[in-house]
Asker: 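Submitted below is the structure of interest, expressed as structure tokens.
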There are 2 protein chains.
Amino acid sequence: MPQAKTDSRERLINAAIKLAYQHGFGKSSLAHIAKEAEVPLGNIYYYFKTKDELGEAIVERRLAQMQARRMEWDEITSPKERLCFCINQVSESRDLLASGGCAVGTFCSELQKTDNALAKKASAIFVQHLEWLETQFRLMGKTKDAHILSLHLLSALQGVAFLAYSLRSPEFVTLETDRLKEWVRSL
Amino acid sequence: MPQAKTDSRERLINAAIKLAYQHGFGKSSLAHIAKEAEVPLGNIYYYFKTKDELGEAIVERRLAQMQARRMEWDEITSPKERLCFCINQVSESRDLLASGGCAVGTFCSELQKTDNALAKKASAIFVQHLEWLETQFRLMGKTKDAHILSLHLLSALQGVAFLAYSLRSPEFVTLETDRLKEWVRSL
DNA sequence: GTCTATACCGAGATAGAC
DNA sequence: GTCTATCTCGGTATAGAC
């Protein structure tokens with residue numbers, strides 16, 4: 001059944017993600033989001049009781065997207081190559097990163113200061129990702145250091161995204177992802 | 001002349017910095033800032049034509065603060081030890097970083113999405129700091145790589161602050177700053 | 001230069017017809 | 001389930017007395 005029932009909810013989430021990435025979630029008014037999604041303003045409240053709930057929906061969407069991606073990466077045979085592939089994904093989105101930052105990083109960063117319940121939920125995206133990274137390092141034989149290594153890698157990648165965004169420099173992304181791939185291979 | 005004329009302007013900037021750090025600049029209303037500074041609301045506009053201008057004042061304050069700190073660090077004899085000292089400062093503020101993030105990092109991060117003029121001004125804080133870092137590396141004989149190394153260091157430090165904040169983990173700060181000091185010493 | 005009162009607008013949220 | 005009209009509040013900014 002193609003487009004069976006209303007996909008308004010879907011469109012609202014996508015619009016919210018898009019606008020939150022462009023201008024921040026706080027600055028994206030429900031009116032603006034509704035317009036982008038081509039849904040009448042008042043209709044939002046049929047799907048989300050509050051704006052925060054829409055924020056939660058974004059987090060859940062990201063959670064699912066990341067998990068789906070990792071499942072694809074799991075198809076790769078070697079854990080080392082999985083990590084390199086993951087780093088490559090960052091490398092390939094260098095232009096996006098330089099112009100708008102890391103989609104989940106900037107979103108989480110914004111939530112930290114404002115809402116406390118949402119902030120915790122958002123951090124779960126990182127926690128989940130860290131677990132996956134840790135698994136890869138463990139499979140590489142780094143049983144003892146796996147946790148530390150996963151933190152280091154994610155921290156480095158977020159640092160890259162942040163600075164590349166601040167300086168609007170895609171070149172820097174390449175520079176650092178190359179270094180990180182080198183580092184992973186040397187382990 | 002102690003407390004010669006009105007330090008209202010000073011108090012407003014300090015209040016704005018404090019509240020922006022706690023809840024974000026966007027979420028800090030002028031009413032709230034005025035209250036914190038113990039200045040009547042309408043009085044803000046005698047010192048700042050607009051809220052953005054208050055934001056600019058924060059940037060300029062940070063710019064000055066960082067420069068002052070770097071001038072202190074310049075007293076240290078060896079450039080290598082200067083960098084280690086700088087990393088130590090981060091290490092020592094681990095609790096603050098874990099509970100509220102990097103003061104300039106989170107502030108800049110927020111501005112990126114909202115205002116464009118302010119965003120550029122804010123990034124200048126990083127650019128200025130990068131120049132100082134670069135100088136240290138150059139003094140260490142890393143003539144060719146100085147720029148790349150400075151980017152790497154700042155990126156790493158911002159990544160640390162970001163992840164430590166997201167995970168509310170001061171331990172992670174220690175972990176990574178130790179690693180970075182090691183790295184600097186090995187150069 | 002300092003303060004109070006208030007204009008004005010845009011935001012989130014609701015009511016209720018269809 | 002969908003849409004329009006509207007309420008209410010809190011925000012920035014201004015006016016103008018002292």
Asker: So what does B:Ile44 hit on the nucleic acid, given a heavy-atom distance under 4.0 Å: a base, only sugar-phosphate, or nothing?
Answerer: nothing
Asker: Looking at C:dG1, I'd like to know if its phosphate oxygens (OP1 or OP2) sit under 4.0 Å from a side-chain N or O belonging to B:Tyr47.
Answerer: no
Asker: As a test of reading the structure: which of C:dC3, D:dC3, C:dG12 is closest to the side chain of B:Pro40, going by heavy atoms?
Answerer: C:dC3
Asker: If you take all heavy atoms of B:Leu96 and B:Tyr21, which pair is closest and at what distance?
Answerer: O-OH, 3.3 Å
Asker: Any side-chain to backbone donor/acceptor pair from B:Lys113 onto A:Phe107? Under 3.5 Å, distance only.
Answerer: no
Asker: Using only side-chain N and O atoms of B:Tyr45, determine if any of them is under 4.0 Å from OP1 or OP2 of D:dT14.
Answerer: no
Asker: What's the CG-P distance between B:Leu19 and D:dG11, to the nearest Å?
Answerer: 12 Å
Asker: Figure out the CG/P separation between B:Leu41 and D:dA15, and round it to whole Å.
Answerer: 15 Å
Asker: Output the rounded distance in Å from NZ (A:Lys27) to C1' (C:dA11).
Answerer: 12 Å
Asker: For DNA chain D, whose closest nucleotide is more 5', that of A:Tyr46 or that of B:Gly26?
Answerer: A:Tyr46
Asker: Is a side-chain N or O of A:Ser169 found less than 3.5 angstrom from the main chain of A:Tyr165, in a donor-acceptor match?
Answerer: no
Asker: Has A:Thr50 got a side-chain N or O lying under 4.0 Å from the OP1 or OP2 atom of C:dA13?
Answerer: yes
Asker: Identify, between A:Ser29 and A:Asn43, the residue whose nearest nucleotide on DNA chain C lies closer to the 5' end.
Answerer: A:Ser29
Asker: Could you grab the distance from atom SG of A:Cys102 to atom CG of A:Leu157, nearest 0.5 Å is fine?
Answerer: 9.0 Å
Asker: Please give, in whole Å, the distance from D:dT12 P to B:Phe25 CZ?
Answerer: 9 Å
